[in-house]
*Asks:* 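Shown below is the structure under consideration.
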There are 2 protein chains.
Amino acid sequence: MNTISVLLVDDHTVVRSGLKALLGTQGDIAVVGEASSGEEALEAAHEHTPAVVLMDLAMGAGMDGIEAIKLLRQWNPKQAVIVFTTYDSDADIVRAVDAGAMGYLLKDAAPEEIFAAVRGAVQGKSVMSAPVASRLFQQLRNPDEILTPREAELLSLLTEGLSNRDLGKRLFISEATVKTHLAHIYAKLGVETRAAAIATAIRREGMR
Amino acid sequence: MNTISVLLVDDHTVVRSGLKALLGTQGDIAVVGEASSGEEALEAAHEHTPAVVLMDLAMGAGMDGIEAIKLLRQWNPKQAVIVFTTYDSDADIVRAVDAGAMGYLLKDAAPEEIFAAVRGAVQGKSVMSAPVASRLFQQLRNPDEILTPREAELLSLLTEGLSNRDLGKRLFISEATVKTHLAHIYAKLGVETRAAAIATAIRREGMR
DNA sequence: TGGTCTCTCCACCTTTTGGCTGATACCGGT
DNA sequence: ACCGGTATCAGCCAAAAGGTGGAGAGACCA
């Protein structure tokens, strides 16, 4: 059996060390690089061409995880990427899957689950933590309530307290478009105001 | 120099592994136990009597970190406890310090910072990550930013997504009064819109 | 090819919110 | 008795948000 090369991307030193220590116990898995930001991840991926990238979505500064996934997959469409993050936010799950993530693990996953995800990823299998799977499942059962990737993106920014104008600037779209998206989001979430949307989003998604 | 015994408490396996790997590189620090919940932490502390307890505040199920700190310190008032967590929430910082934490580190802290905190803790020194320190400092310097009971009540309802009219009805006050309170709340929170106030409130206070 | 989804944009209009100024009343401490 | 903080209310005005209806471009799929 071939050794599976893995690139770790996380801005927390301890998390990288932990993953390295855990993965190091497996003979068939080798950590070939580490990165603490999206930018570094791209560089490291070009340099080491890892079979699997294990990536945290929440990176302190600079490019966020989703963007990094998109660029990684753009550069190498076969690149297997597993999201390894703390929260099972609906918006993040949708965006990550959309960006091309092969798996979605929570940081409290058992070591075996992580190993299985890495091994599965190289074979093209998707592995996700149980809470994540159940959320996705729920969403598939209620297609009306699924936010489109763009809507999810908007909602996520909404929870930061931005105005319509700011949302437009941030996403490079007009205020009119922002209002259109918001109207759709309100309808899907079953609320009438942005305040309620924010409250719902944060409570329902574990965003912060 | 004596070896410093450390107990790790975190529900994330990878974080424990990472800390263990990092601390293991230091000759004067030895991890003597691990726990993944508040309950386990108490047991382990009784068994191993560690010099320092490194504790995550957010534990999936059961007793939370704050409660665990209180009980640890109740059992052994000299027990040094360092909080090691992901978020610098105002509410958590205050509660942790109040419960008797000696230090407060964020998970993205540099390894050196962690070592320094552990060594400092056994000497009775408090060490905290820079963002944490600055938040505490701000709170101490600005007692103006404390919300009055009525304002806090309003803010709490605000995070449920109510309109000014609804807030008035719920609190049996006029809409004018609601607006007055809101203006004061915005000023104290340093925001301009209700959306930002909701976002700040939920993130600051760990409301969900 | 036609239908559906998504993302984008526009105009018009109503409602809500926020900024500003000012006012009354109660309570507690100096 | 005075002052500071809190809670209550009012009116005015500008800005922001929300509702309605419509529309074009590109992707994807049957």
Side-chain angles (χ1 to χ4, degrees), chain A residues 66-67 70 73-74 77 90-91 93-100 136 139-201, chain B residues 142-201:
Chain A
I66 300 285
E67 191 58 28
K70 282 185 194 161
R73 301 264 311 176
Q74 193 172 313
D90 285 348
I93 296 174
V94 172
R95 289 194 301 152
V97 170
D98 195 63
L136 264 190
Q139 289 204 325
L140 290 178
R141 267 198 354 197
N142 286 349
D144 293 0
E145 290 180 12
I146 312 176
L147 299 182
T148 67
R150 194 56 159 173
E151 286 163 359
E153 203 175 351
L154 224 132
L155 180 57
S156 148
L157 287 176
L158 194 65
T159 64
E160 285 172 20
L162 300 182
S163 68
N164 290 349
R165 187 170 305 168
D166 293 337
L167 289 170
K169 283 182 187 164
R170 191 79 84 84
L171 297 175
F172 305 105
I173 57 180
S174 81
E175 210 177 318
T177 306
V178 170
K179 290 172 88 173
T180 304
H181 284 309
L182 284 181
H184 294 159
I185 291 173
Y186 296 163
K188 289 181 181 177
L189 293 185
V191 298
E192 289 91 44
T193 67
R194 78 168 41 210
I198 293 173
T200 306
Chain B
N142 271 339
D144 297 359
E145 289 182 10
I146 309 174
L147 299 181
T148 67
R150 193 57 158 173
E151 286 162 1
E153 198 177 353
L154 225 137
L155 180 58
S156 149
L157 287 176
L158 195 64
T159 64
E160 285 172 20
L162 300 183
S163 69
N164 290 349
R165 187 168 305 169
D166 293 337
L167 289 170
K169 282 181 188 165
R170 190 78 85 85
L171 298 175
F172 304 105
I173 57 181
S174 81
E175 210 176 319
T177 306
V178 170
K179 290 175 80 174
T180 305
H181 284 310
L182 284 181
H184 294 159
I185 291 172
Y186 296 163
K188 289 181 181 177
L189 293 185
V191 299
E192 290 92 44
T193 68
R194 78 169 42 210
I198 293 173
T200 306

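First the proteins, then the strands, lettered A, B, ... as listed; each starts at 1.
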*Asks:* Please name the pair of heavy atoms, one in Thr159(A) and one in Ile198(A), separated by the smallest distance, quoted to 0.1 Å.
*Replies:*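 Closest approach of Thr159(A) to Ile198(A), heavy atoms only: CA-CG2, 4.2 Å.
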
*Asks:* With rounding to the nearest 0.5 Å, note down the distance linking CG in Leu189(A) to CD in Glu151(A).
*Replies:* 9.0 Å

*Asks:* Carefully, step by step, assess Leu171(B) and Arg150(B) under the rule side-chain contact (heavy atoms from CB on, under 4.5 Å).
*Replies:* CA-CA 10 Å; Leu171(B) 298 175; Arg150(B) 193 57 158 173; 3.9 Å; yes

*Asks:* Heavy-atom nearest nucleotide on DNA chain D for Thr193(B) versus Arg150(B): which residue maps closer to 5'?
*Replies:*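 The residue closer to the strand's 5' end, by nearest nucleotide, is Arg150(B).
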
*Asks:* Return the value, rounded to whole Å, for the distance between atom CG of Asn164(B) and atom C1' of dG18(D).
*Replies:* 15 Å

*Asks:* Below 4.0 angstrom from OP1 or OP2 of dT8(D), is there any side-chain N or O of Thr177(B)?
*Replies:*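 For Thr177(B), the contact criterion (side-chain N or O under 4.0 Å from OP1 or OP2 of dT8(D)) is not met.
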
*Asks:* Just report the end-to-end axis angle for the helix from dT1(C)-dA30(D) to dT30(C)-dA1(D), five pairs per end, to 10 degrees.
*Replies:* 40°

*Asks:* Look at the side chain of Lys179(A) and decide which nucleotide, out of dG18(D), dA7(D), dA10(D), has an atom nearest to it.
*Replies:* dG18(D)

*Asks:* Taking heavy atoms of chain B and a 4.0 Å limit, find me the 5'-most and 3'-most nucleotide of DNA chain C within that range.
*Replies:* dT16(C) to dG19(C)

*Asks:* Nearest whole Å is fine: how far is dA16(D) P from Leu167(A) CG?
*Replies:* 13 Å

*Asks:* Rounded to the Å, how far apart are Leu182(A) CG and dA17(D) C1'?
*Replies:* 9 Å

*Asks:* Within this structure, what is the CZ-to-P distance between Arg194(A) and dG19(D), rounded to whole angstrom?
*Replies:* 11 Å

*Asks:* Measuring from atom CG of Leu158(A) to atom CG of Leu182(A), what distance do you get when rounded to the nearest 0.5 angstrom?
*Replies:*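 Output value for this atom pair is 6.0 Å.
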
*Asks:* How many angstroms lie between atom NE2 of His184(A) and atom CG of Leu154(A), to the nearest 0.5 angstrom?
*Replies:* 11.5 Å

*Asks:* Supply the atom-to-atom distance Leu155(A) CG to Thr200(A) OG1, rounded to the nearest 0.5 angstrom.
*Replies:* 9.0 Å

*Asks:* Take atom CD of Glu192(B) and atom P of dA17(D), then tell me their distance rounded to the nearest Å.
*Replies:*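 Taking CD of Glu192(B) and P of dA17(D), I get 12 Å after rounding.
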
*Asks:* Can you check the His181(B) NE2 to dA10(D) P distance for me, whole Å?
*Replies:* 13 Å

*Asks:* The side chain of Arg165(A) lies closest to which of these nucleotides: dA16(D), dC9(D), dG19(D)?
*Replies:* dA16(D)

*Asks:* If each of Ala183(B) and Thr180(B) is mapped to the nucleotide of DNA chain C with the nearest heavy atom, which maps nearer the 5' terminus, i.e. the 5' end?
*Replies:* Ala183(B)

*Asks:* Give the minimum heavy-atom separation between Thr193(B) and Gly161(A), together with the two atoms involved.
*Replies:* OG1-O, 3.8 Å

*Asks:* For the pair Arg170(A) and Glu160(A), evaluate side-chain contact (heavy atoms from CB on, under 4.5 Å) and give the outcome as yes or no after the intermediate values.
*Replies:* CA-CA 12 Å; Arg170(A) 191 79 84 84; Glu160(A) 285 172 20; 3.8 Å; yes

*Asks:* Applying side chain to side chain donor-acceptor pair (under 3.5 Å) as the test, list every pair that has at least one member in residues 172-182 of chain A; sequence neighbours left out.
*Replies:*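 Matches after skipping sequence neighbours: Ser174(A)-Thr177(A).
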
*Asks:* Atom CG of Leu171(B) and atom C1' of dA7(D): how far apart are they, to the nearest Å?
*Replies:* 12 Å

*Asks:* Roughly how many Å is it from CG in Leu162(B) to C1' in dA17(D), rounded to a whole number?
*Replies:* 17 Å

